[in-house]
Amino acid sequence: MKKKFLLLFLILALALTAAGTAISACAETAPEETRQSAPAENVPEENAPNVKPMPRGSETHRSCVSVTGSGKVTVPADAAQMSFRIRVLSDSFSEGQKRMSELKKALFDAVRGVCEATGDNTPCGDSHRPVSDGSVGGYEFMSVVCVKITDVPKTEEVINAAVAAGATHVYTCYLLENDTDAAKQALTLAKEDAAAKAAALIGDEAEFVRLREECCWHGSGDEAGKVTVYANVRAKYAAQTPQI
């Protein structure tokens with residue numbers, strides 16, 4: 001029994017000794033890769049990267065303004081459109097329609113006797129309604145007719161001829177159908193106006209940056225037979241002298 005116990009003790013002692021030896025060997029032989037990857041605490045100054053601070057450039061700023069320029073030019077109209085009203089009273093509906101048709105023809109014949117003209121007589125311009133004075137009933141027929149001419153100086157003569165034919169003059173609108181040249185003139189004036197405003201704000205040496213058209217439209221002139229063309233632009237200008 002004692003011999004068995006002693007033998008077991010010797011085997012256990014040998015096993016513990018072998019395990020201790022293996023652990024010590026592992027600790028002493030660390031992988032070379034692991035040792036090489038350890039960070040160096042002190043890097044020689046000659047091997048340090050040559051990083052220089054970026055020089056701070058001189059920051060410059062220019063004063064900028066955005067201004068609106070307006071321009072207008074008044075030119076002679078190249079067309080005129082006149083509106084006339086025709087009124088007929090009749091006891092008979094069919095008779096009233098007939099008289100209305102005759103008056104329209106007389107109106108156009110009178111106008112075209114003065115100059116070349118085109119007419120606009122749409123159905124929506126015609127109307128009729130029953131009327132009565134309390135004892136006798138009848139019908140009232142109304143029609144609005146538009147006449148357009150290109151011989152603008154004869155506008156008054158056309159109106160007088162239509163009125164003599166039985167029409168009533170309502171109004172005259174002067175038109176500018178070919179507005180290319182007038183629009184260019186108005187835009188040029190608008191650009192000059194914008195440049196003058198920029199010069200007043202940041203100096204005579206204001207530098208042009210960009211320009212865009214805002215709108216361009218027509219309106220009645222102050223004189224008969226004239227049309228005024230308006231234009232607006234928006235422009236950006238910058239001062240030439242930088243501000244540090």
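Because the structure is predicted, anything quoted here is derived from the model rather than measured.
Side-chain contact between His128 and Met142 is absent, with no heavy atoms from C-beta onward closer than 4.5 Å. Taking 4.5 Å as the limit, some side-chain heavy atom of Lys104 sits within range of a side-chain heavy atom of Asp126. Between Tyr230 and Leu189 there is no side-chain heavy-atom pair separated by less than 4.5 Å. Considering only heavy atoms from C-beta on, Val145 comes within 4.5 Å of Ile86 through its side chain. For the pair Tyr237/Ile202, a side-chain contact is recorded, criterion being any heavy-atom separation below 4.5 Å from C-beta on. Looking only at side-chain heavy atoms (C-beta outward), Val170 and Phe84 stay at 4.5 Å or farther from each other. Counting only heavy atoms from C-beta outward, the side chains of Arg85 and Ser143 never approach each other to under 4.5 Å. Annotation: side chain of Thr172 is not in contact with side chain of Gln81 (no heavy-atom distance under 4.5 Å).
Enclosure of atom CD in Glu116 is not indicated, since only 12 or fewer non-hydrogen atoms of other residues, nucleotides or ligands lie within 6.0 angstrom.
Between Val233 and Lys191, the closest heavy-atom pair is CG2-N, 3.9 Å. Minimum heavy-atom separation, Val152 to Gly225: CG1-CA, 4.3 Å. Scanning all heavy atoms of the two residues, the minimum distance from Val111 to Ala162 falls at CG2-CB, 4.2 Å. The heavy-atom pair separating Val73 from Ala182 by the smallest distance is CG1-O, 3.3 Å. The minimum heavy-atom distance between Arg112 and Ala117, with the atom names listed, is NE-O, 3.4 Å. The minimum heavy-atom distance between Val229 and Cys216, with the atom names listed, is CG1-SG, 4.0 Å.
Residues Leu201 and Val209 fall into different hydrophobic clusters, defined by Ile, Leu, Val, Met, Phe, Trp and Tyr side chains chained together at heavy-atom separations under 4.5 Å. Both Leu103 and Val158 are assigned to one and the same hydrophobic cluster, defined by single-linkage of ILVMFWY side chains at heavy-atom distances under 4.5 Å. By the criterion of side-chain heavy atoms lying less than 4.5 angstrom apart, applied directly or through intervening Ile, Leu, Val, Met, Phe, Trp or Tyr residues, Leu107 is grouped together with Ile149 in one hydrophobic cluster. Under the 4.5 Å side-chain heavy-atom criterion for grouping Ile, Leu, Val, Met, Phe, Trp and Tyr, Val75 is not connected to Leu187 through any hydrophobic cluster. Met82 and Leu175 are assigned to two separate hydrophobic clusters, defined by single-linkage of ILVMFWY side chains at heavy-atom distances under 4.5 Å.
Here the side chain of Asp151 pairs no donor or acceptor atom with the backbone of Cys115 at under 3.5 angstrom. Between the side chain of Asn232 and the backbone N or O of Gly71, no donor-acceptor pair lies under 3.5 Å. The closest donor-acceptor contact from the side chain of Lys197 to the backbone of Thr68 lies under 3.5 Å. When atom types are taken as modelled, the side chain of Arg210 and the backbone of Arg234 share no donor-acceptor pair closer than 3.5 angstrom.
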Next item on the list: Please lay out, stage by stage, how Arg87 and Leu89 fare under the test side-chain contact (heavy atoms from CB on, under 4.5 Å).
Entry: CA-CA 7 Å; Arg87 179 173 179 264; Leu89 292 173; 3.8 Å; yes
Next item on the list: Report the C-alpha separation of Met100 and Gln97 in whole Å, then their side-chain angles, then the decisive distance to 0.1 Å, and conclude whether the side-chain contact (heavy atoms from CB on, under 4.5 Å) test is met.
Entry: CA-CA 5 Å; Met100 176 62 69; Gln97 287 184 317; 5.7 Å; no
Next item on the list: Using the side-chain contact (heavy atoms from CB on, under 4.5 Å) rule, take Asp179 and His218 through it: C-alpha gap first, then chi angles, then the decisive distance, then the call.
Entry: CA-CA 9 Å; Asp179 63 349; His218 304 168; 2.9 Å; yes
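Here the straight-line distance linking atom NE2 of His169 with atom CD of Glu156 works out to 7.5 Å at 0.5 Å rounding. To the nearest 0.5 Å, atoms CG (Asn178) and CG (Asp78) are separated by 6.5 Å. Summarising the geometry, atom CH2 belonging to Trp217 is positioned 11.0 Å from atom OG1 belonging to Thr228; distances are rounded to the nearest 0.5 Å. For the atom pair NZ (Lys105) and CD (Glu102), the distance works out to 9.5 Å, reported to the nearest 0.5 Å.
A donor and an acceptor atom, one from each side chain of Ser92 and Ser90, are nowhere located under 3.5 Å apart.
A salt bridge between Glu214 and Arg212 is present, with a side-chain N of the basic residue lying under 4.0 Å from a carboxylate O of the acidic one. Contact check on Asp193 versus Lys72 returns no salt bridge, with no Lys/Arg side-chain nitrogen under 4.0 Å from an Asp/Glu carboxylate oxygen.
Ring geometry, Phe141 versus Phe93: the interplanar angle falls from 30° to 60°, so the pair is classed tilted.
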